[in-house]
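Counting starts at 1 for both ligands and their atoms, in listed order. For clarity, every value in this text was computed on a predicted model and none was experimentally measured. Both backbone and side-chain heavy atoms feed into the values below; hydrogens, waters and symmetry mates do not. When a residue number appears, it is its place in the shown sequence, counting from 1.
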Amino acid sequence: MMSSAELSDQELVYLDWNNALEVLEKAYKAGLFVLIIGPKGTGKTTLVRKFASTMNKDLHSVNFSLRTRESHLVGTKTVEHGQISFVEGVLVKSMRSGSMLYLDELNAAEADVLLRLDEALDDRRQLVLKEAEGQTIKATADWFVIATINPLSHVGTKELPPQLLSRFPVRMRLEYPPEELELEIVKRHVKLDESKIRSIKHAIQLARNLREAAAVEELYYSPSLRETIAYAKMLNAGLSARHAAEVVYANAYDQWGQVEYQKVMDMITSIFGDK
Ligand SMILES: Nc1ncnc2c1ncn2[C@@H]1O[C@H](COP(=O)(O)OP(=O)(O)OP(=O)(O)O)[C@@H](O)[C@H]1O
Ligand SMILES: [Mg+2]
């Protein structure tokens, strides 16, 4: 669990470039759960943390790509010194305390886990614990749930069952920001002097070209805001503009072979010039 006081600077630098916080706040006040859909590194997690801290709510997080089990979510029975007790899972803790529950990469959840969520998230907002003698857990009135999913185009993603989708009637799309705003976001993370701005703009241009190529399946990988931020840090650490582009962008494509890698190196040459 994370309380607002423990949030790092990282979360507080969130730039709300498309008024996502306003939509979240309205959904929260209306008691409607929210689904955020967006490719990796578009700021989903950062947005949720920022929102929790803005609303002064505790945050419980679960990431389903980490093969979260039902026992982690709901809880487990334990026996200690002959005493049987029930250790509450994240979902139960969150419902009871009325915290904000963040279900990250929900479309990666296993079927048994989805079933329990389905029950807890329906309009009654309650859960019957078969693990604890059928005890019923009822969520507090201010309990709030936000889930994220990556778009289906991503390799290995499953679709969210319609049943569960309907539990999140407010849906937000998060995309990569426009160029000028991507630069503003980088500036919030990395202190940059004027001489570096031109190179960062080039890196953003490269990242956009790579994202476009990945969107039409000309390349396998689409760089996110993480790469742009890393690029700025490598520049600050003293790497040349072109060299930083090679280590942050091009080299990753080598895992799909020489042709893929060369395509990206050519893009780098056209943007940054020769070595
Ligand atoms: N609007 C923004 N303002 C400030 N920083 C941002 C913003 N969007 C993204 N970032 C930064 O970009 C990086 C990636 O963001 P984040 O981890 O929130 O993305 P994500 O969508 O949750 O990614 P994933 O799908 O891989 O979990 C972080 O360093 C984050 O702080
Ligand atoms: Mg995330």
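- Side-chain atoms of S99 and W143 form no donor-acceptor pair, as typed in the model, at a separation below 3.5 Å.
- Here's the thing with K44: one of its N/O atoms is less than 3.5 angstrom from an N/O atom of ligand 1.
- In the vicinity of I229, heavy-atom distances shorter than 4.0 Å reach the ligand 1 atoms 11 (C), 12 (O), 29 (O).
- A donor-acceptor contact closer than 3.5 angstrom links the side chains of S224 and E227.
- Taking the centre and axis of the six-membered ring of Y14, the NZ or CZ atom of R188 falls outside the cone set by 45° and 6.0 Å.
- Salt bridge K26/E22: present, at least one basic N to carboxylate O contact under 4.0 Å.
- Proximity of a side-chain donor or acceptor of T148 to a complementary backbone N or O of E105 within less than 3.5 Å is detected.
- Looking only at protein N/O/S atoms, the ones less than 2.8 Å from the Mg ion (ligand 2) make 1 in total.
- For ligand 1, the atoms closer than 4.0 angstrom to any heavy atom of N150 are 25 (O).
- Comparing R49, R226, E184 against atom 13 (C) of ligand 1, the shortest heavy-atom distance belongs to R226.
- On a distance-only criterion, T46 and ligand 1 share at least one N/O pair closer than 3.5 Å.
- Taking a 4.0 Å cut-off on heavy atoms, G38 fails to register as neighbouring ligand 1.
- Stacking of R208 on the aromatic ring of Y176 is not recorded, the 6.0 Å distance cut-off and the 45° axial limit not both being met.
- Per-residue contacts place L225 under 4.0 angstrom from the following atoms of ligand 1 (heavy atoms of the residue considered): 8 (N), 9 (C), 12 (O).
- Y253 and Q258 share no donor-acceptor pair across their side chains, judged by distance under 3.5 Å alone.
- Using a 3.5 Å distance cut-off with no hydrogens or angles, the side chains of S199 and Y231 do not pair a donor with an acceptor.
- Results of the side chain to side chain contact (heavy atoms under 4.5 Å, CB included) test with L225 over H189, E182, K40 single out E182 as the only residue that passes.
- Under a 3.5 Å cut-off, the side chain of S97 and the backbone N or O of K93 do form a donor-acceptor pair.
- No salt bridge links E179 with K201; every basic N to acidic carboxylate O contact stays at or beyond 4.0 Å.
- Less than 4.0 angstrom separates some heavy atom of W17 from each of these atoms of ligand 1: 1 (N).
- In I185, the part holding a heavy atom less than 4.0 Å from any atom of ligand 1 is the side chain.
- Looking at ligand 1, you won't find any N or O of L47 less than 3.5 Å from one of its N or O atoms.
- Between K57 and D142, at least one side-chain nitrogen of the basic residue sits less than 4.0 Å from a carboxylate oxygen of the acidic one, meeting the salt-bridge criterion.
- In terms of N/O distances under 3.5 Å, ligand 1 is not approached by R188.
- Less than 4.0 angstrom separates some heavy atom of K40 from each of these atoms of ligand 1: 23 (O), 24 (P), 25 (O), 26 (O).
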